Amino acid sequence: MEYFSPTSVEDAVSILHKYGERSRLIAGGTDLMVDMRFKDQPDCLVNINRLSNLSFIKPDEDCLRIGALTTIRELEANHLIKTRFRVLWNAAHQFASLQIRNAATIGGNIARASPAGETLAPLLTLEAKARFVTADGEQLLPLERFFLGPGRTALGAGGLLTGIEVPYPDDGARGVYLKHAVRGPMDIVVVGVATTITFDGRSAVNEARIGLAAVGPTPMRARGSEQLLQGKHLDLPLIEEAARGAAEEAKPISDHRASAEYRRWIVESLTRRALTQAWQNV
Ligand SMILES: Cc1cc2nc3c(=O)[nH]c(=O)nc-3n(C[C@H](O)[C@H](O)[C@H](O)COP(=O)(O)OP(=O)(O)OC[C@H]3O[C@@H](n4cnc5c(N)ncnc54)[C@H](O)[C@@H]3O)c2cc1C
């Protein structure tokens with residue numbers, strides 16, 4: 001196997017372009033090392049850890065920029081993320097163990113494109129965009145269009161994700177991420193539900209965004225339930241209806257972790273809890 005440790009994004013992308021499908025990029029290695037042990041060995045490994053300019057959390061005027069090499073622990077420890085991007089902080093806080101959080105990067109979580117990836121549903125509710133470079137140049141794409149299927153993204157075989165851009169939620173936005181996993185944080189999510197809700201001055205819903213994890217080929221938004229809540233005053237019957245709607249919109253499969261029916265039931269339950277927590281601001 002050939003090994004490269006480039007010091008520029010351009011060099012990394014040209015190596016990936018040269019080796020195509022036979023190359024793999026490695027960041028924290030928490031997914032890739034497992035894949036290399038149990039699935040396939042690439043012909044070429046491109047370590048991007050010397051691209052230190054990809055490790056940042058930078059508040060700009062219009063959005064928060066997060067570099068691909070930022071670790072999950074760095075997200076968790078960041079005050080701005082904890083206070084303004086609570087839904088993302090919730091996900092970082094519930095992510096595996098401290099050891100994994102110290103190594104795992106947000107770029108790896110996104111590029112891996114697992115429907116169960118912890119940060120993905122929260123980022124969908126924040127309407128984040130992915131910035132990436134391929135041999136054809138640089139692109140900025142809403143995350144919802146970036147994910148193409150399980151493990152498949154707009155990066156293709158030779159793309160490098162450089163970071164994400166996350167618009168600031170409105171003042172007073174309430175973000176909640178809840179995960180159901182059989183063995184707690186160390187286990188893969190059976191179902192995850194993220195909500196980001198803004199209210200107008202009179203407590204009617206200005207905008208509701210609901211993201212679902214592990215119930216479809218990609219993380220997804222429950223658009224029907226979002227529309228149902230739009231402009232209305234939240235109460236328990238409305239929350240119940242939205243939770244049932246989200247369960248209907250989910251597209252789960254049955255696998256060794258859970259049946260599709262069980263996953264729908266968990267979507268309903270977590271959506272109900274997430275909306276209630278956002279409503280009561282707890
Ligand atoms: C014990 C354990 C517990 C875990 N728990 C969780 C959990 O609770 N929640 C969760 O979501 N995940 C979990 N994971 C999975 C993993 O930790 C995350 O997906 C992590 O964010 C991957 O990041 P990484 O930097 O380690 O990626 P890597 O393993 O280095 O890479 C992952 C994939 O992304 C590609 N890649 C990495 N960075 C880039 C980039 N910048 N541009 C393009 N492609 C890139 C790699 O080529 C590879 O295909 C767990 C893993 C382990 C081993």
Side-chain angles (χ1 to χ4, degrees), residues 4-6 9 12-13 15-17 19-42 44-56 66-76 88 90-123 130-135 138-139 141 146-147 150-164 177-192 194 211 213-214 219 257:
F4 297 92
S5 181
V9 168
V13 171
I15 298 165
L16 291 171
H17 185 60
Y19 286 84
E21 298 280 354
R22 295 174 294 127
S23 63
R24 292 285 180 283
L25 214 151
I26 184 163
T30 58
D31 272 322
L32 194 80
M33 295 305 282
V34 179
D35 286 354
M36 285 173 56
R37 174 82 174 79
F38 295 106
K39 291 185 190 161
D40 60 337
Q41 290 276 340
C44 161
L45 197 58
V46 184
N47 184 342
I48 56 169
N49 281 286
R50 284 170 75 199
L51 307 180
S52 50
N53 58 338
L54 297 189
S55 176
F56 58 85
I66 304 178
L69 284 179
T70 306
T71 65
I72 302 298
R73 176 63 190 146
E74 285 165 337
L75 298 179
E76 186 190 17
L88 180 59
N90 275 174
H93 186 58
Q94 297 177 68
F95 196 113
S97 63
L98 185 57
Q99 290 91 331
I100 294 288
R101 292 203 290 278
N102 270 328
T105 64
I106 187 157
N109 204 234
I110 294 168
R112 168 68 171 205
S114 159
E118 208 83 68
T119 64
L120 312 187
L123 287 172
R131 188 173 280 285
F132 59 99
V133 181
T134 66
E138 190 174 37
Q139 282 190 61
L141 206 61
F146 178 81
F147 299 117
R152 283 197 314 119
T153 68
L155 290 170
L160 189 153
L161 181 72
T162 53
I164 54 169
Y177 173 72
L178 299 173
K179 98 187 221 184
H180 175 69
V182 177
R183 289 178 294 124
M186 284 301 285
D187 204 1
I188 292 178
V189 175
V190 173
V191 171
R257 286 202 177 78

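Bear in mind that the values here come from a model prediction, so they are computed numbers and not experimental data. Order of listing sets the numbers, starting from 1, for every ligand and every atom in it.
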>> Pair Leu54, Leu160 - check side-chain contact (heavy atoms from CB on, under 4.5 Å), show working.
In response: CA-CA 11 Å; Leu54 297 189; Leu160 189 153; 3.9 Å; yes

Out of [options], whose heavy atom sits nearest [atom]?
| atom | options | value |
| --- | --- | --- |
| atom 41 (N) of ligand 1 | Val189, Asn109, Leu161 | Leu161 |
| atom 45 (C) of ligand 1 | Ala111, Ala91, Ala213, Gly192 | Ala111 |
| atom 19 (O) of ligand 1 | Asp31, Leu45, Leu25 | Asp31 |
| atom 28 (P) of ligand 1 | Gly29, Ser23, Gly108 | Gly29 |

> Given Ile26 and Ile48, is the side-chain contact (heavy atoms from CB on, under 4.5 Å) satisfied, shown in steps?
Replying inline: CA-CA 6 Å; Ile26 184 163; Ile48 56 169; over 6 Å; no

Taking only heavy atoms of [X] into account, list the atoms of ligand 1 that are under 4.0 Å away from them.
| X | answer |
| --- | --- |
| Gly117 | 11 (O) |
| Gly159 | 43 (C) |
| Leu155 | 43 (C) |
| Thr105 | 21 (O), 23 (O), 24 (P), 25 (O) |
| Ile26 | 30 (O) |
| Ala68 | 41 (N) |

Mind checking whether [X] and [Y] have side chains closer than 4.5 Å, heavy atoms only?
| X | Y | answer |
| --- | --- | --- |
| Ile66 | Phe56 | no |
| Leu161 | Leu25 | no |
| Leu32 | Leu45 | yes |
| Ile110 | Ile164 | yes |
| Ile15 | Cys44 | yes |

I need the contact type for [X] against ligand 1. Using non-hydrogen atoms and a strict under-4.0 Å cut-off, is it side chain, backbone, both or neither?
| X | value |
| --- | --- |
| Arg101 | neither |
| Thr162 | neither |
| Ile100 | side chain |
| Ala27 | both |
| Ile48 | side chain |

> Lys179: heavy atom below 4.0 Å from ligand 1, yes or no?
Replying inline: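 True for this residue.
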
> Touching ligand 1 at all, Ser97? Heavy atoms, strictly under 4.0 Å?
Replying inline: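 It does not; every heavy atom stays at 4.0 Å or beyond.
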
>> Can you confirm if the aromatic rings of Tyr19 and Phe4 lie within a centre distance of less than 6.0 Å?
In response: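 Centroid distance Phe4-Tyr19: below 6.0 Å, so yes.
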
Is there any N or O on [X] that sits under 3.5 Å from an N or O of ligand 1?
| X | value |
| --- | --- |
| Gly28 | yes |
| Thr119 | no |
| Thr30 | yes |

> Is there a donor-acceptor contact under 3.5 Å linking the side chains of Asn109 and Thr119?
Replying inline: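 There is such a pair (donor and acceptor under 3.5 Å, judged by atom type) between the side chains of Asn109 and Thr119.
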
>> Check this for me, if you would: do Arg24 and Asp40 make a salt bridge, where the nitrogen-to-carboxylate-oxygen distance has to be below 4.0 angstrom?
In response: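 So Arg24 pairs with Asp40 through a salt bridge.
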
> Can you check side-chain contact (heavy atoms from CB on, under 4.5 Å) on Arg131 and Gln139, steps first, answer last?
Replying inline: CA-CA 6 Å; Arg131 188 173 280 285; Gln139 282 190 61; over 6 Å; no

>> One pair to check against side-chain contact (heavy atoms from CB on, under 4.5 Å): Glu138 and Phe132. What are the steps and the verdict?
In response: CA-CA 6 Å; Glu138 190 174 37; Phe132 59 99; over 6 Å; no

